[in-house]
Every structure is written in structure tokens, then in C-alpha cells.
Amino acid sequence: SRARFSDMSSEMRSGTMTGRTILWRAGMNVFESNLLIGVGAGALPVAMMPYLGFIRVAHSTFISILAETGLIGFALFGVVILSIEVCVVSMRFEERVLWTVVLVTLCVALLAITWEQRRQMWFFLALAIAQTGRRSPIAKQEEYGHQSAEALAGSREVGHERMGWG
């Protein structure tokens with residue numbers, strides 16, 4: 001690992017980022033040949049073989065999704081990411097900062113790693129979606145005025161009894 005850090009400056013100057021840019025170009029070539037629907041989920045490593053001469057993942061989640069699912073799948077993935085960010089914007093300040101940092105960090109990491117088939121990426125996205133749906137007690141209090149949580153719970157119980165749910 002120490003050798004990788006010492007080689008970093010020369011790698012940045014040479015421009016291949018340990019061969020990733022070659023893989024990215026091959027992935028983009030596959031995408032350009034299959035613009036609309038892509039080559040199919042998980043098929044990119046084999047589809048890159050004519051460009052590389054060997055089978056390898058793209059080392060970029062965004063390129064993988066783009067080449068494997070085409071513009072349609074990539075647009076749907078983009079909608080998921082953007083809808084999460086739209087929900088994050090409506091959070092309280094502290095939560096908004098936290099989740100914005102988490103999502104930006106994840107997106108930056110996805111530029112250089114292939115994680116579309118890894119549970120970790122989908123776990124982070126699911127966690128962000130779940131967090132956006134959670135309402136904090138402070139947000140509930142702001143919405144309903146300064147009623148106490150007990151008063152809100154009591155009114156809910158009374159409402160349930162009136163509806164015959166109690």
C-alpha cells in the first residue's frame with residue numbers, strides 16, 4: 001500500500017490511473033455500440049474483451065451501469081440518486097449535511113470502483129431512502145406546533161377509537 005502512494009504522482013502524470021482509463025475507454029466503446037438498452041446486466045466484462053483482449057470489470061460503477069443498461073437504465077439510476085438528494089434537501093440541517101456528505105462520497109467512490117452488484121452500495125442507498133422517510137420529533141413538533149409528543153399520541157389514540165380501530 002505504501003508503494004501505491006509513492007507511485008501516485010507518476011501515475012497521475014502518466015494518465016492511466018493504474019490502467020483504469022483504458023478500462024473506462026473500453027466500457028465507453030461498449031456503451032457507444034449499445035446506446036439505448038446496453039449489453040445486459042453483468043455482461044460488460046465479456047463485452048469489453050474485443051477492446052481489451054481480456055475480461056475485466058470497468059472499475060467505474062457509472063460506466064458499468066451506462067454500458068450494461070444503456071441510456072434507459074442509466075437514467076433510471078440517475079432518478080434514484082436525484083430523488084434521494086431531493087429528499088435529503090428537506091431534512092434538518094445536521095441530517096442534510098451528513099447525508100449530502102455520504103452521498104457525495106459514495107458518488108465519488110463509484111467513479112473508480114465497480115460496486116453496482118455489491119450489497120454495500122445498495123445498502124447505503126436504501127439507508128438514505130429510509131432516512132429521508134423518517135421524521136424527527138423536532139420536525140413533527142414544528143409541523144403540529146408546540147404540542148407535546150404525549151398530546152399527539154393521545155390524539156392519535158382518540159382518533160383510532162373514533163374510527164373503530166382502537
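All residue numbers in this chain count up from 1 along the given sequence.
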(message) Please give me the minimum heavy-atom distance between Phe74 and Thr69, naming the atom from each residue.
(response) N-OG1, 3.4 Å
(request) Give the cluster check for Leu111 versus Ile113: same hydrophobic cluster or not, with ILVMFWY residues linked at side-chain heavy-atom distances below 4.5 Å. (result) yes
(request) Enter the distance from Ile81:CD1 to Leu76:CG here, rounded to the nearest 0.5 Å. (result) 12.0 Å
(message) Quick check on the hydrophobic clustering: are Phe77 and Val57 connected, directly or via other members, by side-chain heavy-atom contacts under 4.5 Å?
(response) no
(message) Is there a path of hydrophobic side-chain contacts, each under 4.5 Å between heavy atoms of I/L/V/M/F/W/Y residues, joining Met121 to Val80?
(response) yes
(message) For Thr100 versus Glu85, what's the shortest heavy-atom pair and its separation?
(response) OG1-OE2, 3.5 Å
(message) I need the minimum non-hydrogen distance between Thr61 and Trp115, along with the two atoms involved.
(response) OG1-N, 2.8 Å
(message) Do Ile55 and Phe31 sit in one hydrophobic cluster, given that two such residues count as connected whenever their side-chain heavy atoms are within less than 4.5 Å of each other, even indirectly?
(response) no
Which pairs of donor and acceptor atoms, one on a side chain in residues 34-52, lie under 3.5 Å apart (sequence neighbours left out)?
residue	atom	partner	partner atom	Å
Asn34	ND2	Val30	O	3.0
Tyr51	OH	Ser33	OG	3.4

(request) Give, for atom CG of Leu23 and atom OG1 of Thr114, the distance between the pair rounded to the nearest 0.5 Å. (result) 8.5 Å
(request) Mind checking the CZ-CZ spacing from Arg20 to Arg56? Nearest 0.5 Å is all I need. (result) 10.0 Å
(request) Could you pull out the closest heavy-atom pair between Ile63 and Ala58, with the gap in Å? (result) CG2-CB, 4.2 Å
(request) Return the minimal non-hydrogen interatomic distance between Met91 and Trp99, and the atom names on each side. (result) SD-CD1, 3.8 Å
(request) Answer yes if Leu98 and Leu106 sit in the same cluster of Ile, Leu, Val, Met, Phe, Trp and Tyr residues linked by side chain heavy atoms under 4.5 Å apart, and no otherwise. (result) yes
Name the atoms and distances for all side-chain donor-acceptor pairs under 3.5 Å in residues 122-130, with sequence neighbours left out.
residue	atom	partner	partner atom	Å
Trp122	NE1	Glu116	O	2.7

(request) Could you go through the side-chain contact (heavy atoms from CB on, under 4.5 Å) check for Met28 and Leu66 one step at a time? (result) CA-CA 8 Å; Met28 291 307 293; Leu66 189 60; 4.0 Å; yes
